[in-house]
Amino acid sequence: MRTALIVAVTIPFALMFSFICLDLRHIPANLLSIGAIDFGIIVDGSVVMVENIFRELAARYGQKFNLVDVIRSAAHDVERPIFYAIAVIIAGYLPIYVLTGPSGRLFQPMADTMSFALLGSLLCALTLLPVLCAFFLRKHVHEPKVTVFEWVRRNLYGRVLGWCLRNRLVTVTLVLIVFGASLMLIPYIGAEFMPHLDEGALWVRATAPYTISFEEASKLSPEIRNILLSFPQVTTVANELGRPDDGTDPTGFFNNEFYVGLKPYADKAWSGPILTKPELIEAVQKKLEVFPGVIFNYTQPAEDAVDEAETGLKSALAVKIFGSDLATLEDKARQTREILAKVPGITEITVVRELGQPSLIITPDRAKLARYGLNVDDVNTLIGTAMGGQAATQVIQGERQFDLVVRMQEQFRSDEDSIRNLLIATPDGQHLPLSQFADVRVESGAAFIYRESNSRYIGVQFSVEGRDLASAVGEARSKVDAAVKLPIGYKFDWGGEYKEYLASREQMKVILPLTVVLILMILFVLYGNLKFPLIIFFSVLVTEPVGGLLALRLTHTNFSVSSMLGFVCLMGVAVQTSVILYSFINKLRLEGKDIMTATFEASLLRLRPIMMTALVACFGLLPAAMSTGIGSDSQKPFAIVIVAGLVSRLLLSIFLAPVLYALTAREGDTLQV
């Protein structure tokens, strides 16, 4: 109990150190910065320090000894491996700072918090904990006999390890077979940019026909609100109709958006026929089908804002077709929509219509105008004055001046026939209708023209359900590219989450090699050669992915930025177990023992701290890996990978690491503890 309490001191010390550093950098404490703190990883160095001091004191139980000298010697034995092990763990988090875009903003605060906390834990382990041990481990320090553990270590682990050391190549081959089998799971694991974060609320978008008036659109709002409020799971409903007053969102009265607040999922309102959020959306949609011609879309408040910022449209996924002619763009968009509808997993496909606004087109006939002595400007002046009005004079009221605008009365400009019959005065005194000099017709014109990078585009919005993002959009992209041929000057752009996924995948190609190089450099400084760093890293590469890949497959979790960063950070954590073992083997060899004896004895003696550090790190992230509450989605894959990867690393490395050392070690090696 005393040793456990001494180790536990590390947690508040490291957190306080981290919070001070975060405050100095003006980083707030929130889900992003403290959501994935692993107390187990934080105390790993402290566990090794206190366990070694405890073991040395227990070995002298009943003897006379100088307490301070023993503690100083025991701390000196492990201070170097602890320092470099924590440095390696921090190195696993440093490449996160290379990330840009949304993934960088999501995970850099977490990297800040963990890096500062690890520095605090290192400071505590090397300075405070030996002092606390000197105070609280003065008397009656003896190693308790845990019968089960001793039997496992001597009879089970010892015998299997002895066989592995005698059959080293067979052991390595078996581990490689396990590693290869885990790699076969990769095709069955999907991929996405980031897991969707449940915000505990709904954002409902109602899209009416483009030509709807404000009066008609405003009648729909209270009816839809009443339907939404009829569900017991809903707390409040607020809606936005049309565009904001500042004009920053160029939309029309056809766009009606509703914020729907929801009760906590633990509330008894969720115990009836509707148990989950998807079931609530399905029930809401059934009731809202009473509004013909209105399309309803469901998302979340913050997610909707992010999606619109990323794509410029009202969807997380969209393919944009860039080009100059609106009719051609709309035709290619319809073709694209037909192809997407045939791809499994692609749902909620919507073409963002740009044409469809009724427009009155007046085309002057220059030959007829010339016959009567008129020109095009005369027609333009008449139409401009009749329809829009023209300032004839100014009205003065005190110090204020207003234009007095003159235009035709409503009945003379209200419909197509009235405009056709507008009279134009000719130079010879005749008054003839406008239809004599111009072609007046109604056509379908542009309601909206979307532009990006100074180019016109049309968007095809869609969602992915029942399938992972990467495979669904990848298949859709290949089929669209093959079936829809664009004219010269036109191009496709697959945006939104898929674009972020591709960008993060390219960033990972930089992050992984960078992490490997950083860890190898630190291990080279620790051991003074490349032999031990290379075999440590080899053992990490063939053991840590086994559990991570298996856990992703069993939990139906996709590859994402979160899970990939879990693998990256796991490299640093997994190296620690080999560092603890190899440093102790080198210590025994420096004391005169041969390679095989030192390897076998060190493996047995360091089994407890290796198991403790790995299991404590697992238990520290286990709540995050199993959590289902609001806000847990984004970092849950990160935790799943680390927990499962550490388990597989522990089970395989306690046999593989000694075997690799025995295979590569030679007399005359540079030995550093």
Side-chain angles (χ1 to χ4, degrees), residues 48-49 51-52 55-56 59 72-85 87-88 153-154 156-176 179 516-544 571 574-611 613 649-650 652-673:
V48 175
M49 174 63 75
E51 190 277 339
N52 199 55
R55 186 179 58 82
E56 292 291 345
R72 182 187 294 114
S73 176
H76 179 71
D77 286 343
V78 294
E79 63 185 5
R80 199 162 181 268
I82 288 175
F83 176 85
Y84 283 98
V88 167
R153 182 171 67 172
R154 291 292 178 185
L156 183 60
Y157 176 64
R159 290 180 180 179
V160 177
L161 177 63
W163 182 89
C164 292
L165 290 174
R166 292 190 300 272
N167 301 273
R168 296 186 288 273
L169 292 179
V170 176
T171 302
V172 174
T173 302
L174 291 174
V175 173
L176 288 176
F179 172 65
V516 172
V517 170
L518 282 174
I519 293 176
L520 286 177
M521 289 175 60
I522 294 172
L523 293 178
F524 176 77
V525 175
L526 171 61
Y527 291 114
N529 59 56
L530 273 177
K531 179 193 295 184
F532 296 145
L534 287 176
I535 61 173
I536 288 175
F537 211 83
F538 174 77
S539 69
V540 169
L541 289 179
V542 299
T543 56
E544 73 156 46
M571 287 185 186
V575 164
Q576 182 175 239
T577 56
S578 292
V579 170
I580 294 171
L581 175 63
Y582 286 5
S583 294
F584 199 74
I585 296 175
N586 287 348
K587 178 178 180 295
L588 294 182
R589 289 181 63 188
L590 289 172
E591 293 175 356
K593 296 185 178 180
D594 62 87
I595 294 174
M596 294 299 295
T597 302
T599 301
F600 185 78
E601 291 185 3
S603 300
L604 293 179
L605 288 173
R606 305 317 286 167
L607 179 63
R608 183 171 62 184
I610 288 174
M611 290 181 62
T613 54
R649 168 68 179 158
L650 174 63
L652 295 175
S653 69
I654 57 176
F655 301 106
L656 180 63
V659 167
L660 290 176
Y661 190 97
L663 272 174
T664 57
R666 297 291 183 272
E667 298 296 336
D669 287 337
T670 301
L671 300 178
Q672 296 188 31
V673 178

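- Between Phe655 and Tyr157, the distance from one ring center to the other falls under 6.0 angstrom.
- Side-chain atoms of Glu544 come within 3.5 Å of backbone atoms of Met571 as a donor-acceptor pair (strictly under, hydrogens ignored).
- Every residue meeting the salt bridge (Lys or Arg N to Asp or Glu O under 4.0 Å) condition with Glu591, not counting sequence neighbours, appears here in chain and number order: Lys587.
- Between Leu523 and Tyr84, the closest side-chain pair of non-hydrogen atoms is not below 4.5 Å.
- Contact check for Arg606 versus Glu51: side-chain heavy atoms found under the 4.5 Å cut-off.
- Judged as a side-chain hydrogen bond (donor to acceptor under 3.5 Å, both in side chains), not a single pair has a partner in residues 158-175 (not counting sequence neighbours).
- Qualifying salt bridge (Lys or Arg N to Asp or Glu O under 4.0 Å) partners for Arg154, counting only residues two or more places apart in sequence or in other chains: none.
- Taking 4.5 Å as the limit, some side-chain heavy atom of Phe537 sits within range of a side-chain heavy atom of Leu541.
- With sequence neighbours excluded, the residues that form a side-chain contact (heavy atoms from CB on, under 4.5 Å) with Phe600 are Leu161, Leu165, Leu604.
- Under the side-chain hydrogen bond (donor to acceptor under 3.5 Å, both in side chains) criterion, the residue pairs touching residues 653-666 are Asn586-Tyr661, Arg589-Tyr661, with sequence neighbours excluded.
- Listed by chain and residue number, Arg60 satisfy the salt bridge (Lys or Arg N to Asp or Glu O under 4.0 Å) test with Glu56 (two or more places apart in sequence, or in another chain).
- Taking 4.5 Å as the limit, some side-chain heavy atom of Leu660 sits within range of a side-chain heavy atom of Phe538.
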